[in-house]
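To keep things clear, I will list the structure first and then write my remarks on it.
Reminder, nothing fancy here: chain letters follow the sequence lines and each chain counts from 1.
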Amino acid sequence: MRIILVGFGVVGQSFAQLLAARSPDLLKNHGLRPRLVAVVDRGGAAVNSRGLEPLRTLAAKREKGSVAADGENGRPGLTPLEVIEKVGAEVVVEVTPTNIADAEPGITHIKAALKSGKHVITTNKGPLALAFPALMELADYNGVLLRFSGCVGGGTPILEFARRCLLGDRIMSFRGILNGTTNYILSQMTERGWSFQEALKGAQEAGYAEADPSMDVDGYDAACKLVIMANWILNRKAVLGDVKIEGIRGITQHAIKEALRRGRKIKLLASADGNLVVSPQEVPVGHPLCVDGVLNAVSFMSEYAGEETLIGRGAGGKETASAVLRDLILIRQSIAKIPV
Amino acid sequence: MKFGGTSLADGDCISRACGIVVDSLKGGNKLALVVSAMADVTDELVEACRSAEVGNRSFIRNTVVELRQLHESACRVSVTDKHLRNEVKKTVEESLKELENVLEGITYLKEVTPKIEDYVLSFGERLSAPIVWGALRSRGVDAEWFTGKEAGIVTDSNFGDAKPLMEMTVHQVKDRLQKLYEGGIVPVVAGFIAADQEGRITTLGRGGSDYTATILGCALAVDEVWFWTDVDGLMTTDPAVEPSAKTIRKLSYQEALEMAFFGAKALHPKAIELVMERGIPLRIRNTFNPQDPGTAIKADQEVEPSSVAKAISLIPKVAIITVSGAGMVGAPSVASKLFEVLGRKKVNVLMISQGSSEANISFAVPRESLDEVLNTLELSLLGGKYVREIKAEEDACIVALVGAGMQGTPGVAARIFSAVAREKINIRMIAQGSSELNISFVVKEAEGEKTVRALHREFNLGGK
């Protein structure tokens, strides 16, 4: 299967490493022989219709700053759109950074890939948060798949669990902690008695929070994931504008201590139950959702099976790359089922 | 608001339409406009395509000259600002040049594919929209004009009768028009035309401007969609047949859909379906009589079925074909074969009826397709062991009675048939949808109008 990889940051590089490391196993167990035919980053592209050597492309990136330096495969200045439209491939893996203002450049990449009849795997939450129903329609119309396991829960198969494991049951609502960074900050505030600012600084030093932490602490990251889950799991045609969002900047030590006195902890919860809401809520200590550190947790209320909670690490390059691989295997399986 | 072709027939009409827009804006409304091609322009373009196909260059030249005259004079009258007028004229001239080149190209290729035809037809709206834009700007209205493609309407690649990819369209239209619209700038969108995902021009089929209007209405989440046309609204029946026919004030979406299927030319069924899903009220109004409130089309519960029937339509020039044979009893393959043949020939079947004895199936088709249908059926069905005979009657017409009040009201059929019987008119074939929103039946062509009048009286539709 020929793959175009657009975006070569942490997730993209982890994915390339994963392909290199897992290729014998993928072939043996899944009948999947992935060929990375193009990798695109800001400096240009590396293209080889027979398949690049992932390790060599990784080395070019590491040593010379761009995949365009990958010897005879290098194509400096080639844009993602040109690659998506002109290079023959079955799948485009879109892992450029999330942008929730206008979802660019990811949304343009995804549209172009779907239009040219390529399956798409993305970990980019912006396009899905702003235009989930539209992109799904475009994928259906062109008879290809659009998958995004890596967008929610990283390596933890939250989306799959809801759609496949609870098949036949009906999920009525769900709520959960969808953002590891804010959970880390809130946990530190609770355990160490730090102020929000101190805890944020700690999280930045530990590498859990970005220099500009607003995506996380203002609740947008959780809201994006909520939108994706509402569409995918509840068939709700929602976009980011439909979510009521409140972040954690206003959480004080006083509020945390008050909650603890009543046996509760403050968590940033995303919930889909009628309305879509992201806001700090009190969760009883001992409740399955009450997890600490960078962990994520989601509880599904289903009509017959009742409440089920999934806990796992939310993010990280390797975890997310493994979710991309999971999507890739899934696409491979569904291609095999479609008679050509 | 959508303005139909007759509401934009010349410069004066365009000025009148702009007056309506200005008044509405003064009333504090936010507006988005959809405009059709000027009256008859689309038909002229279709004809130009046909002539180009057979290499008739002089006809093309004449068409372009006529179109230039029509649009320039409309521009002269309605675009009062001199500076704007020059700008609009330039746009119109560029489009006309392009049109002439395309038609010229067709004379060489001697072929008009649906894709090319869509491209040619798109010029109707591409010519009218900038004039309306200029006319609005001349009156101090802040406006911007768009083709359907620029507005973000994206469809499948079924040229000639394309369907929008609705979610993608909503996303793109919001992206491109919402800020303008919310900010009080009036987007003027060329109706009927759109583009597929590759950006090639498509059209939304007959009455496509209605469709454009409801698409925009849904994308911009408007409170109401208004169609401005040249009649006060939907009528109880054709006033040419029954002079006492009245404008219907209120209809449910379902009733409107039934009427659209029965040929109410002011309506596009797909357009109604869209607003129905989202519960956006639709209003049909008359540009030449803007005082009249027109016809309001709303959700079912808001429309009380005060009378049993709301409207009577007449579909003239119909033929009935009856396929019979004792062998057809209990042989479902005949029906499937029959409709497969009709489907392959793309015949529009207007009505179907089969008695439960199964010994015959009758159906109604437009008369112009009778000869072809009849011969095709004879070739494929006769000679087997099931079908003995295929008969046709060509002097028929369909009369349809529409109204939600018929639902669950016993005795409606009895009233219809006794009213018709009193006129000594023989009913040839009957069908009622199980929705009970309409009853349709076939009578002899010559008796069609008489039937309509009798029913109009019976149900007191001209009343008060």
Side-chain angles (χ1 to χ4, degrees), chain A residues 81-82 84-86 92 94 99-120 122 124-146 148 224 227-228 230-232 234-243, chain B residues 30 115 148-183 194-205 211-212 214-222 270 273-280:
Chain A
L81 268 188
E82 287 170 317
I84 291 168
E85 281 164 4
K86 302 217 174 92
V92 172
E94 214 287 340
N99 160 5
I100 57 164
D102 59 6
E104 296 296 353
I107 193 163
T108 302
H109 297 162
I110 294 176
K111 279 196 209 171
L114 295 174
K115 281 179 195 172
S116 63
K118 298 180 174 88
H119 304 283
V120 173
T122 185
N124 186 340
K125 291 179 278 281
L128 296 170
L130 297 185
F132 191 106
L135 293 174
M136 267 302 159
E137 180 186 58
L138 195 62
D140 283 347
Y141 176 66
N142 287 292
V144 290
L145 297 171
L146 169 60
F148 39 83
C224 287
V227 167
I228 295 169
N231 273 284
W232 186 242
L234 301 180
N235 279 321
R236 192 96 67 82
K237 281 179 187 164
V239 291
L240 192 58
D242 300 326
V243 187
Chain B
K30 283 182 191 144
K115 196 196 294 181
K149 174 181 167 183
E150 290 160 351
I153 301 175
V154 54
T155 67
D156 59 20
S157 305
N158 186 10
F159 296 97
D161 191 15
K163 277 195 197 61
L165 299 176
M166 206 49 210
E167 298 300 336
M168 190 46 96
T169 298
V170 168
H171 173 71
Q172 298 196 135
V173 169
K174 264 191 189 157
D175 223 36
R176 291 173 201 182
L177 301 189
Q178 188 142 36
K179 259 207 201 109
L180 295 181
Y181 169 75
E182 298 288 350
D196 71 358
Q197 58 174 355
E198 328 288 350
R200 296 173 299 192
I201 288 179
T202 55
T203 62
L204 299 170
Y211 207 4
T212 307
T214 52
I215 290 170
L216 288 190
C218 293
L220 298 173
V222 299
K270 285 187 283 190
E273 240 166 15
L274 264 189
V275 285
M276 181 163 89
E277 281 166 19
R278 289 165 171 80
I280 301 173

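- Taking the charged nitrogens against the carboxylate oxygens, B:K270 and B:D161 do have a contact shorter than 4.0 Å, which makes a salt bridge.
- Nearest heavy atom pair, residue B:A194 against residue B:T155, reads CB-CG2, 3.6 Å.
- Scanning both residues, A:L130 and A:L240, for their nearest heavy atoms gives CD2-CB, 3.9 Å.
- For chain B, the option among A:K237, A:K111, A:E137 with the highest count of heavy-atom pairs below 4.5 Å is A:E137.
- Heavy-atom pairs under 4.5 Å with chain A were tallied for B:D156, B:T169, B:V170; the largest tally goes to B:D156.
- Heavy atoms closer than 4.5 Å to chain A are found nowhere in B:D175, neither backbone nor side chain.
- Rounding to the nearest 0.5 Å places CG of A:L81 at 9.5 Å from NZ of A:K86.
- With a threshold of 4.5 angstrom between heavy atoms, A:D102 does not approach chain B through any atom at all.
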